[in-house]
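Right, one structure below, let's go through it.
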Amino acid sequence: MFITENAKIVEKDGKKLVTDCTCVFDGCACDDIACEVVNNEIVTVYNACKVGTANFLPCRGAERFTTPLWRASKKEAFKPISWDEALDKAADILIKAKHPMLFGWSETSVEAIREGVRLTELVGGTIDGQVTHCHGPSVQAIQEVGYAGATLGEVKNRADLIIYWGCNPMNAHARHMSRYSTYVSGFFRRHGRQERKLVVVDPRHTDTAKLADVHIQIELGSDYEAFQTLRALIRGAAVTKEKVGGIPIAVWKQLAEDMKAASYGAIFFGLGLTHSASKKNSVAAAIGLTQDLCNITKFQIMPLRGHYNVAGLNQVLSWLTGYPYGVNFARGFPRYNIGEFTGVDMLRRKEVDAMLNIAADPGAHMPQKSVQHMAEIPLIACDIHPTPTTELANLIIPGTHDGIECEASCYRMDGIPIHLRKIVDPPEGCKPSNAHWLQELVQVVEKKLGEKHV
Ligand code: SF4
């Protein structure tokens, strides 16, 4: 199924070295990681950043779920149950519910998401994930005005102007600059950083801004105005304002000139842009600027996606239903409407009467009203360790660490599918993969619905 012939597993003196592993943490999905394994435990990690390394190493002292746990009432203590009982109870909860929500998916595999879509269709529910409260507006903007995208490999090999707008990769995507954009040497950029200009546009003096050739400390919420000003300048229009976004117009004129002079420019943006004033319109203006620049030179734009497979949820949902997130199957066919079928909103309006959460922690990240409703409805939570969400659950399903404990696949932030190698076996009691137990749950639901309809 996967192309694995280039990867190596070397065994020596009781140690196993597994090369070409992929870091399953953020959207960089760095696939050049090597792990040293002793007695089915990763002991050393090579090439990953500090956060990625911590994600590979076993979480000592933290409780690991290895058996399903159940409680009928949320006031009771959890009791261990068998997998068969757990899948039976999960199926009953989802079938009985009128509006079940199947939420999360950004930190599990493409294969698991595919099973999740089938399950949602069977129970007539809604499927959504973290994208709804992170890069949702970026996805909406792309749907409206298109996308002048590229692969990270193209950026590495060609870009001579890198712009980070409203993001701080030094803290959030630690290897992005060294592996894909700024410091790395590429086919046409042999001297790496020396051949690239780095511009950061951010109201904050971030760790990324400290490394920039130019830091434009724009006023909070003025991104839309700044992009339209740049578009006007690039088209040769006269701009009479002295300042835009608190920055003198001469600075914007210089940036416009640098953009036009670049042989290949790359704009990366984060939630600082996506969630600034006018949200999707700001992103649409940024894409419009990129499209204008492509009339003069070559430019690309890309959102810095957070979770390692958050782009995968958009991809799988798009190829199976035609829509990227917030997809509802209540009428037996997929419907899509942001605000109407998105997780935070449905929970806040108390429209959801049961929930399956997997590979996400909405209990820690959603607004209080949405979390309060999660506490009131039957909740199935699949996770590896205890989280605020599992604290609210009736049924806890032990998760498998996809891409470490099983072979799988994900989509990197630039939409490139990446193979995830298995490095160690999952602990005893866990299923071989999340896709595995979801497939079993689909079969239980199909059987129950078949029996019901006879
Ligand atoms: S940059 Fe992200 S994907 Fe790469 S090693 Fe660090 S945490 Fe992992």
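The first residue in the sequence is number 1, and the count goes up from there.
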Exercise for the section: Grab the two heavy atoms, one from Thr67 and one from Pro80, that are nearest each other, plus how far apart they are. Expected result: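 What the structure gives for the nearest pair is CG2-CB, 4.1 Å.
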Problem - Over all atoms of both residues, closest heavy-atom pair of Asp128 and Gly343 - result: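 Of all heavy-atom pairs spanning Asp128 and Gly343, the closest is OD2-N, 2.6 Å.
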Exercise for the section: Please collect all ring-ring contact (aromatic ring centres under 6.0 Å, His included) contacts where either partner lies in residues 106-155, sequence neighbours excluded, each pair once. Expected result: His135-Phe269
Could you check whether [Y] and [X], counting side-chain N and O atoms only, form a donor-acceptor pair closer than 3.5 Å?
X	Y	answer
Ser82	Glu85	yes
Ser181	Tyr164	yes
Asn328	Thr126	yes
His365	Gln130	no
Asn357	Thr389	no
Arg204	Asn168	no
Tyr46	Glu36	yes
Ser282	Asp223	no
Glu428	Thr66	no
Glu107	His307	yes
Thr108	Asn434	yes

Would you call [X] and [Y] a salt bridge, taking side-chain N to carboxylate O under 4.0 Å as the test?
X	Y	answer
Lys89	Asp92	no
Arg118	Glu115	no
Glu11	Lys16	no
Arg421	Asp31	no
Asp88	Lys448	yes

Under 3.5 Å, side chain of [X] to main-chain N/O of [Y], donor-acceptor pair present?
X	Y	answer
Thr22	His419	yes
Lys431	Trp83	no
Arg64	Pro386	no
Thr151	Glu154	yes
Thr120	Gly116	yes

Practice task
Have a look at Glu405 and tell me which of Pro432, Pro427, Ser433 forms a side-chain contact (heavy atoms from CB on, under 4.5 Å) with it.
Solution key: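 Answer after filtering Pro432, Pro427, Ser433: Pro427.
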Practice task
Report the residue from Thr290, Ile287, Val283, Leu289 that forms a side-chain contact (heavy atoms from CB on, under 4.5 Å) with Phe227.
Solution key: Leu289
Exercise for the section: List in chain and number order the residues that pass salt bridge (Lys or Arg N to Asp or Glu O under 4.0 Å) with Glu376, two or more places apart in sequence or in another chain; answer none if no residue qualifies. Expected result: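 Expected list: Lys350.
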Practice task
Would you sort out whether Asp32 and Arg175 count as a salt bridge (Lys or Arg N to Asp or Glu O under 4.0 Å), showing the intermediate values?
Solution key: CA-CA 11 Å; Asp32 59 343; Arg175 293 183 76 212; 2.7 Å; yes
Practice task
Could you tell me if the ring centre of His176 sits under 6.0 Å from that of Phe268?
Solution key: yes
Problem - side chain to side chain contact (heavy atoms under 4.5 Å, CB included) partners of Ala174, counting only residues at least two apart - result: Cys49
